Amino acid sequence: MNPIIGIDLGTTYSCAAVLEAGRPRVIPNLDGYNTTPSVVTIMKSGDHLVGHMALRQAVTNPENTIYAVKRLMGKKMSSQELQFVAERYPFRLTQAENGDVVIEAQQFRMSPQEISAFILKYIKKSAEAFLEAEVRDAIVTVPAHFDDHQRQATKDAAKIAGLNVLRVINEPTAASLAYGLEKQSNSRCAVYDMGGGTLDVTILEINSGVFHVLATNGDTYLGGEDFDHRLVDWMLDEFSRENGVSLKGDKLAVQRIKEASEKAKKHLSFTEETEINLPFIFSDSSGSKHLRRLLTREKLEELTKDLVKKSIPYLNKAISDSGLKPEDLDDIILVGGQTRMPLVRRSIREFLNKEPNDSMNPDEVVAAGAAIQSAILSGSISKLLILLDVTPLSLGIETEHNTFERIIPRNTTIPVREKKPFTTVEHEQKRVRIHVLQGESDKASDNTSLARFDLIGLAPEPAGVPQIDVTFGIDADGIVTVTAEDNKTGKEQSVEVRPSSGLSPEEIHRIIESMVNKEHPADDKIKADKHESET
Ligand code: AMP
């Protein structure tokens with residue numbers, strides 16, 4: 001049997017694992033590292049570099065080195081969250097016809113799914129080399145708070161990479177599987193997962209091998225990247241104050257500062273102070289200027305304390321939604337690299353009055369959990385483990401006056417199906433239009449539009465007579481499905497779904513073909529003269 005691997009496709013780093021002799025084992029990548037930077041450099045030739053090789057290009061070739069692409073997956077260019085982060089990227093972002101994000105590098109236009117596919121393909125290749133077997137199937141993790149578009153985009157990326165996704169699981173839930181595998185006793189725990197781009201908090205009950213998620217909460221735009229940006233802004237301001245020169249428009253300098261910021265931030269998790277030293281960051285007729293500063297942990301905490309503070313209400317809400325009190329929790333599991341920051345740990349400890357559990361490797365535990373899930377699905381694990389997860393976001397429809405009517409409320413255990421009857425309001429009405437949304441606002445327009453669909457071919461009848469049952473479903477991957485049935489005839493009613501985001505099956509096919517024919521990264525060239533780039 002071909003091995004099934006678990007993949008944590010992270011914002012800054014990705015990791016893969018496999019179950020060997022009943023225990024998860026991290027798969028080293030082709031460069032020998034346990035984690036792979038989620039970074040891709042597009043070369044002028046159309047070839048690309050992935051991981052550490054790409055990371056090394058980030059400073060010299062910032063316009064063509066794509067990082068933190070996970071924040072762009074399944075997103076519209078116009079989305080509110082993107083407004084804050086889009087201008088931070090040194091590479092060009094534009095808009096697809098359907099409003100989705102398009103990345104431009106060298107003379108190519110690519111979707112975030114294609115960039116993620118390069119990372120996944122590299123992971124697939126690494127796993128095949130390590131396991132000496134073809135790898136086709138995978139479990140892929142996503143932040144619990146990913147909506148349907150983001151999940152679908154992740155699945156599409158895997159498909160482009162030649163992987164068959166057996167299941168999409170939530171990152172904190174995966175972490176809890178790795179934690180619970182070894183545990184003999186029952187426990188109620190919180191998973192606080194702050195990675196490079198996202199925050200997820202999940203409350204679970206683990207009882208005789210049943211992992212029951214009680215509630216989840218989080219923010220898909222709160223993570224380590226935001227901490228780095230705070231440091232970058234501080235250093236840019238300091239440099240400009242001291243030298244009267246702004247480096248903001250200098251992509252190369254900003255990228256150097258960003259790299260140094262992340263390094264310093266990590267260092268300050270273990271030391272009280274560190275030096276940032278960037279020689280020749282700027283040159284003009286008066287000579288060269290250097291950026292050299294001493295950064296203390298205290299200063300870093302001052303610059304980022306509001307980000308940590310912002311995460312606590314999510315923890316609070318998840319606990320109250322689970323019906324538990326903080327004192328009911330047996331353990332708080334820390335996941336994601338950013339939880340190494342002492343301020344994060346201190347804030348959680350102070351809020352819950354309990355020492356967080358840092359016994360798991362926060363970089364590898366999610367992939368390890370995904371590998372365990374692969375063994376559950378394939379039946380190759382002797383221990384009985386059952387996973388009951390929830391939907392993080394309410395699913396509903398738009399009704400009159402821009403109102404959002406919830407059909408499946410958040411924190412409902414998945415998979416789930418809910419039926420809702422619809423009828424007509426006009427005489428001999430031939431179609432009924434339904435707008436499916438996901439989110440928590442009572443205002444329809446504030447939520448994410450998943451799809452609009454028409455129930456068509458209704459028999460001509462007086463208003464209010466037809467009864468069509470529409471079933472809204474969320475599968476175990478957290479992906480939404482909609483079906484309709486004419487109650488009177490029992491016939492399946494046609495549903496014309498127009499997804500408001502994502503790649504069409506034809507586009508996915510075209511991308512796969514172009515990869516097979518080595519027309520990387522896609523055949524969708526833009527004017528080369530826009531990018532007279534260096535590589
Ligand atoms: P992950 O997505 O779990 O790989 O988390 C990556 C994020 O964790 C990045 O923003 C890293 O900068 C951050 N990170 C990794 N190690 C540390 C550390 N020692 N201290 C603070 N943040 C860290």
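Counting convention: from 1, in listed order, for ligands and their atoms alike. In this text the structure is predicted, and so the values were computed from the model without any measurement.
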* To do: Within a distance under 4.0 Å of any heavy atom of G336, pick out the atoms of ligand 1 and give their elements.
  => 3 (O)

* Who are the salt bridge (charged side-chain N to carboxylate O under 4.0 Å, His left out) partners of E132, not counting sequence neighbours? -> none

* Asked: Is there at least one pair of N or O atoms, one from Q338 and one from ligand 1, spaced under 3.5 Å apart?
  -> yes

* Asked: Under a 4.0 Å heavy-atom limit, does E262 contact ligand 1 with its side chain, its backbone, both, or neither?
  -> side chain

* May I ask you to list the atoms of ligand 1 that are less than 4.0 angstrom from any heavy atom of Y13? => 4 (O)

* Asked: Can you name the one residue among V50, I42, L72 that meets side-chain contact (heavy atoms from CB on, under 4.5 Å) with I115?
  -> I42

* **Shortest non-hydrogen contact between G502 and D100, atoms and distance** => N-OD2, 2.7 Å

* **E114 with K121: basic N within carboxylate O range, under 4.0 Å** => no

* How far is atom 21 (C) of ligand 1 from its nearest protein heavy atom, and which residue and atom name does that atom have? -> S269 OG, 3.3 Å

* **Within-4.5 Å side-chain heavy-atom neighbours: T65 and V40** => no

* T413 side chain near D389 side chain, heavy-atom distance below 4.5 Å -> no

* Asked: How does F270 reach ligand 1, by side chain, by backbone, by both or by neither, if only non-hydrogen atoms under 4.0 Å count?
  -> side chain

* Asked: Which protein heavy atom lies closest to atom 16 (N) of ligand 1, and at what distance to 0.1 Å?
  -> R340 NH1, 3.3 Å

* Identify, by atom number and element, the atoms of ligand 1 in contact range of G195, meaning under 4.0 Å from any of its heavy atoms. => 1 (P), 2 (O), 3 (O), 5 (O), 7 (C)

* To do: Name all pairs fulfilling the side-chain hydrogen bond (donor to acceptor under 3.5 Å, both in side chains) condition that reach into residues 366-378, sequence neighbours left out, sorted by first residue then second.
  => S378-S380

* Run the numbers for me: atoms of ligand 1, each under 4.0 Å from some heavy atom of G224, listed by number. => 10 (O)

* Would you mind checking which non-hydrogen protein atom is closest to atom 15 (C) of ligand 1, with the distance to 0.1 Å? => K266 CE, 3.5 Å

* Polar proximity ligand 1 side, D363 side, N/O cut 3.5 Å exclusive -> no

* To do: Mind telling me whether H48 and F118 have parallel, tilted or perpendicular rings, with 30° and 60° as the class edges?
  => parallel

* Of the protein's non-hydrogen atoms, which lies at the shortest distance from atom 2 (O) of ligand 1, and what is that distance? -> G196 N, 3.0 Å

* Residue, atom name and distance, where the atom is the protein heavy atom closest to atom 5 (O) of ligand 1 -> G337 N, 3.2 Å

* With K125 as the cation and F130 as the aromatic partner, state whether NZ or CZ is under 6.0 Å from the six-membered ring centre and within 45° of the axis. => no

* Asked: Considering only the protein, which heavy-atom contact is closest to atom 6 (C) of ligand 1, and what is its distance?
  -> T12 OG1, 3.0 Å

